[in-house]
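Written below as structure tokens is the structure these notes are about.
Atoms within each ligand, like the ligands themselves, are counted from 1 in listed order.
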Amino acid sequence: MQKTRGKVTEKVTTAIGTSNIAFVKYWGRREERINLPMNSSISMTLDDTMSTKTSVIFSNDMDCDRLFIDGKEEDLRGEPSEKSKFTMDMLNYLRIISNQDAHVLIVSENGFPSSSGLASSASGGATLAFALSHALNLGLSQREISIIARRISGSACRSVYGGIVKWNKGSKADGSDSYAEQVVNENYWSDLTDIIAIADPSKKKVSSSTGHSSTIRTSSLYASRPAFAEEGTGIVASAVLSKDFQKLAEAIMRDSNNMHATMLDTWPPIIYLTDTSRDIMYAIHELNLRSGQYVAAYTFDAGANAHIITTARHANEILDLLKDVPGVTDTIKSKSGSGPRILGDDASLIDADALIPLKRR
Ligand code: DP6
């Protein structure tokens, strides 16, 4: 790929990346424009079961950027959605640092099991940032790519690495110290397993972007959240390093409950959890009590679907238990994955129909 302004060789760059599940959550931003969080957070990057494949092609012959997600074009011009606005800001930023002005065609496909309602901005954002940085030959470090991914979606910055990943909140106004870094890779504690219980496949009622702002603005409980999450991030990091599942499980569940308490305390309240989510929480506490130790931990993002973190030897027990919870329509098992990678620059990696916008000149 040439970097000279106005001269870009058309080449398809395809990357694959995956979602992550936060063990300590990001909820609330100190700066909205470039997604700077109130607290650090820590997550496990998932494996290819929860992946997004993204191809990017820069071309001098396109008169605007175009973004297709799962075959549907996102409006980047008229009334762009919140997410599209963040994507456009990030593209303009990349054009400045790469000193080129060609437009880009982006074709992104989620490989999540269909009807799971799990379309993830983390997976999409990290894969896009990774594909664009490679297509432009920017020679960026993973840390720099995580900063670019953060501009698309906060949680995306953590999916730039595999294994267990911490997002340092940072304190600078320009966000240069708000980046993710790997705590351990995916092989360090390879029997950690995430069992996702689908409890509501529909689109979330309140976007996380809206939720981040309204909770900070209106919840009086939120005042204690940043310090609680900051401490939780440290507890989880040390539990992971010492492979202490007892410490890890309790910290994960307490953080999920703490975040959802601030959501309920938001005005008007934000309630993502459903009766099914609640039944899963009770079932996991009962299982842990019966077992005389923690064998599993639940955690919920901005939705009703549960992520049950456990170890490989308890996975079947959890899957059996979920069969008895009314409202669980599907389950997905994922281990920790290795983070985004380039699949290649072969045009055959992309569906030929996806290239039609390039041919309409
Ligand atoms: C509840 O990363 O979706 O999943 O920065 O607005 O894109 P934006 O928010 P997003 O928020 C995710 C919040 C969460 C917790 C987490 O993943 O840390």
Side-chain angles (χ1 to χ4, degrees), residues 17-46 50 52 69 80-90 110 117-129 146-161 164-170 175 178-180 194 196 203-216 219 222 225-226 228-230 232-233 236 251-252 255-264 266 270-273 277 298-307 309:
T18 59
S19 190
N20 68 72
I21 177 62
F23 292 171
V24 172
K25 319 277 188 194
Y26 144 61
W27 195 252
R29 300 184 286 218
R30 68 172 191 280
E31 210 282 74
E32 302 200 346
R33 204 178 40 86
I34 52 172
N35 293 332
L36 298 179
M38 290 293 285
N39 58 266
S40 302
S41 54
I42 187 163
S43 57
M44 176 166 94
T45 296
L46 300 177
M50 302 294 294
T52 302
I69 300 178
S81 66
E82 238 162 49
K83 276 277 153 292
S84 301
K85 269 192 230 140
F86 278 103
T87 304
M88 270 158 54
D89 279 358
M90 185 273 305
N110 286 308
L118 287 168
S120 159
S121 56
S123 173
T127 314
L128 177 58
S146 90
I147 288 177
I148 291 169
R150 193 205 67 223
R151 297 174 73 109
I152 308 176
S153 176
S155 54
C157 78
R158 297 186 307 242
S159 273
V160 164
Y161 298 85
I164 305 291
V165 182
K166 180 181 175 208
W167 173 10
N168 298 300
K169 75 180 173 81
S178 185
Y179 53 79
D194 179 14
I196 305 165
K203 205 167 166 264
K204 53 189 168 204
K205 284 162 205 78
V206 180
S207 74
S208 26
S209 206
T210 307
H212 284 296
S213 335
S214 55
T215 300
I216 281 208
S219 162
Y222 189 80
R225 167 83 194 144
F228 179 85
E230 208 57 46
T233 300
V236 165
I252 289 176
D255 188 75
S256 175
N257 294 347
N258 184 270
M259 179 186 73
H260 285 274
T262 69
M263 290 165 164
L264 178 61
T266 299
I270 302 173
I271 306 173
Y272 291 115
L273 305 181
S277 321
Y298 56 76
T299 182
F300 299 83
D301 280 342
N305 301 323
H307 289 253
I309 310 303

field: Trace of the side-chain hydrogen bond (donor to acceptor under 3.5 Å, both in side chains) decision for R158 with S43
entry: CA-CA 7 Å; R158 297 186 307 242; S43 57; 2.9 Å; yes

- line: With heavy atoms and a 4.0 Å threshold, my read on which part of R150 contacts ligand 1 is neither

message: Any nitrogen or oxygen of N20, side chain or backbone, less than 3.5 Å from one on ligand 1?
response: no

message: Between D301 and K25, does any side-chain N to carboxylate O distance fall below 4.0 Å?
response: yes

- line: Numbered in order shown, the ligand 1 atoms found under 4.0 Å of a heavy atom of S121 are 3 (O)

- prompt: For the side chain of S256 and the backbone of F300, is there at least one donor-acceptor N/O pair under 3.5 Å apart?
  reply: yes

task: Identify which of M259, K25, H260, R158 has a heavy atom lying nearest to atom 17 (O) of ligand 1.
output: R158

- prompt: Would you call A302 a ligand 1 contact, heavy-atom distance under 4.0 Å?
  reply: yes

- request: Could you list the atoms of ligand 1 found under 4.0 angstrom from a heavy atom of A22?
  value: 16 (C), 17 (O), 18 (O)

- request: Could you tell me whether a side-chain N or O of S159 sits under 3.5 Å from a main-chain N or O of T18, the two making a donor and an acceptor?
  value: yes

query: When you measure from atom 6 (O) of ligand 1 to every protein heavy atom, which one gives the shortest distance, and what is it?
result: R29 NH1, 3.1 Å

Candidates L36, N35, I216 - the one meeting side chain to side chain contact (heavy atoms under 4.5 Å, CB included) with R29: N35

field: Expected output: side-chain S19 to main-chain A122 donor-acceptor under 3.5 Å
entry: no

- request: Run down the list S256, G303, S153, S155 and name the one with the heavy atom closest to atom 7 (O) of ligand 1.
  value: S153

query: Taking side chain as C-beta onward, heavy atoms only, is K169 less than 4.5 Å from T233?
result: no

- line: The atoms of ligand 1 lying under 4.0 Å from a heavy atom of S209, numbered in the order shown, are 6 (O)

- prompt: Is a donor on one side and an acceptor on the other found under 3.5 Å between the side chain of S121 and the backbone of S153?
  reply: no

message: Give me the nearest non-hydrogen protein atom to atom 9 (O) of ligand 1 as residue plus atom name, then the distance to 0.1 Å.
response: H212 NE2, 3.0 Å

- prompt: Is any N or O atom of S208, backbone or side chain, closer than 3.5 Å to an N or O atom of ligand 1?
  reply: yes

- prompt: To which protein heavy atom is atom 4 (O) of ligand 1 closest, and what is the distance rounded to 0.1 Å?
  reply: D301 CG, 3.3 Å

task: Report yes if some N/O of M263 lies less than 3.5 Å from some N/O of ligand 1; otherwise report no.
output: no

task: Give me the ring orientation class for W27 and H212: parallel if the planes are under 30° apart, tilted from 30 to 60°, perpendicular past 60°.
output: tilted

- prompt: F86 and S209: which non-hydrogen atoms are nearest, and at how many Å?
  reply: CE1-OG, 4.3 Å

message: Under a 4.0 angstrom heavy-atom cut-off, which atoms of ligand 1 come close to N35?
response: 5 (O)

- line: Of all protein heavy atoms, the one nearest atom 15 (C) of ligand 1 is Y26 O, 3.4 Å

